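What follows is a single structure, written as C-alpha cells, with notes after it.
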Amino acid sequence: MSCAMLGGLRRRLASAVIMRPARQHLLRSPWLLPANPAAVRHHGSVVDPNAELITFHFKLRDGSRKTVSVPSGTNVLEAAHANQVDLEGACEASLACSTCHVILPQEVFKAQGEATEKEEDLLDMCPCLEPTSRLGCQVIVDEKLRDKEVTLPPMTLNFYVDGHVPSPH
C-alpha cells in the first residue's frame, strides 16, 4: 500500500492513540484592524514590524537542510516562500487545499494549538501524512519553533502546472 493511501489511515490512528486536548475555538474579530495597516499581510494575518527574528530549519525533500530567519508571527508557508523553499500553498493560505503540508517535530506539534476540523479534513488528503503533520499556513512561527526542523514531506499533491516554482507575493 502506498504512503498516499496510508496517509488518512495513519492520521485517524494517530488521532485515536494520541490524547488531544478539547478543541478550542478562537474568536476572531474581522472588524478589528491593527494600528499599523502596513502590518496586514495576505488574508489578514498580522506581523508586528518590530517582531523578533526566529531562526529555524527546513528539511528539504532532497534531504538537505535550509536555515531561515523570519519575524515571529509569520506562518511557516510565508517563511518558506520568503526564503525560496519549495512549499506550494496553492490556495494562498485560505485553508482550501493541502499543498503546504509539513511535518513538525513532536515537541513543536504538541506545543501548537489544536488543528481545526477544517485543517484535519484537508490533512486527510495529504500523501505521506504523519502523526505530527500540519498545514504550514496554520503554523505560526514563534519561540517554540526556534532552532527546530520542519520537514517537507517526500511528495505533495501539486495543483500548479509542472515546473512552477512558488514565490512570495
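None of the values given here were measured: they were computed from a predicted structure.
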Quiz prompt | Polar side-chain atom of T132 near backbone of Q106 as donor-acceptor pair, under 3.5 Å | solution = no
Quiz prompt | Check against side chain to side chain contact (heavy atoms under 4.5 Å, CB included), L87 and L152 | solution = CA-CA 8 Å; L87 186 60; L152 301 185; 3.9 Å; yes
Self-check item: N/O donor-acceptor pair under 3.5 Å between H81 side chain and E88 backbone
Solution: yes
Practice problem: Check whether any side-chain heavy atom of T99 sits under 4.5 Å from a side-chain heavy atom of T156, and report yes or no. | Solution: no
Quiz item: Which value, rounded to the nearest 0.5 Å, describes the distance between F56 atom CZ and N83 atom CG?
Solution: 7.5 Å
Quiz item: Going by the salt bridge (Lys or Arg N to Asp or Glu O under 4.0 Å) test, which pairs reach into residues 64-75, not counting sequence neighbours?
Solution: R65-E149
Practice problem: Using the test side-chain contact (heavy atoms from CB on, under 4.5 Å), find all partners of S69 that sit at least two apart in sequence or belong to another chain. | Solution: T55
Quiz prompt | With sequence neighbours excluded, residues passing side-chain hydrogen bond (donor to acceptor under 3.5 Å, both in side chains) with D62 | solution = S64
Quiz prompt | Inter-residue atom distance E92.CD - C100.SG, 0.5 Å rounding | solution = 11.5 Å
Quiz item: Does K118 have any side-chain contact (heavy atoms from CB on, under 4.5 Å) partners at least two apart in sequence or in another chain, and if so, which?
Solution: L95, T116, L122
Quiz prompt | Interatomic distance, L145 atom CG to H57 atom NE2 [nearest 0.5 angstrom] | solution = 9.5 Å
Self-check item: Backbone of Q112 reached by a side-chain donor or acceptor of R134 within 3.5 Å
Solution: no
Self-check item: N/O donor-acceptor pair under 3.5 Å between E78 side chain and N75 backbone
Solution: yes
Exercise. Please check if V141 and L53 belong to a single hydrophobic cluster, counting links between Ile, Leu, Val, Met, Phe, Trp and Tyr side chain heavy atoms closer than 4.5 Å.
Key: no
Exercise. Check A79 against T74 and note the closest heavy-atom contact, atom names and distance.
Key: N-CG2, 3.8 Å
Quiz item: Going by heavy atoms in the side chains, are V139 and V150 under 4.5 Å from each other?
Solution: no
Self-check item: M155 side, atom CE; C126 side, atom SG - distance, nearest 0.5 Å
Solution: 12.0 Å
Quiz prompt | Check: H101/S133 side-chain N/O donor and acceptor closer than 3.5 Å | solution = yes
Quiz item: Is there a side-chain contact between I103 and F109, using heavy atoms and a 4.5 Å cut-off?
Solution: no
Exercise. Taking salt bridge (charged side-chain N to carboxylate O under 4.0 Å, His left out) as the test, write out the residues that go with E143, two or more places apart.
Key: R146
Quiz prompt | Heavy-atom closest pair, residues A51 and S72 | solution = CB-O, 3.5 Å
Practice problem: Identify, with sequence neighbours excluded, every residue that meets salt bridge (charged side-chain N to carboxylate O under 4.0 Å, His left out) alongside D142. | Solution: K144
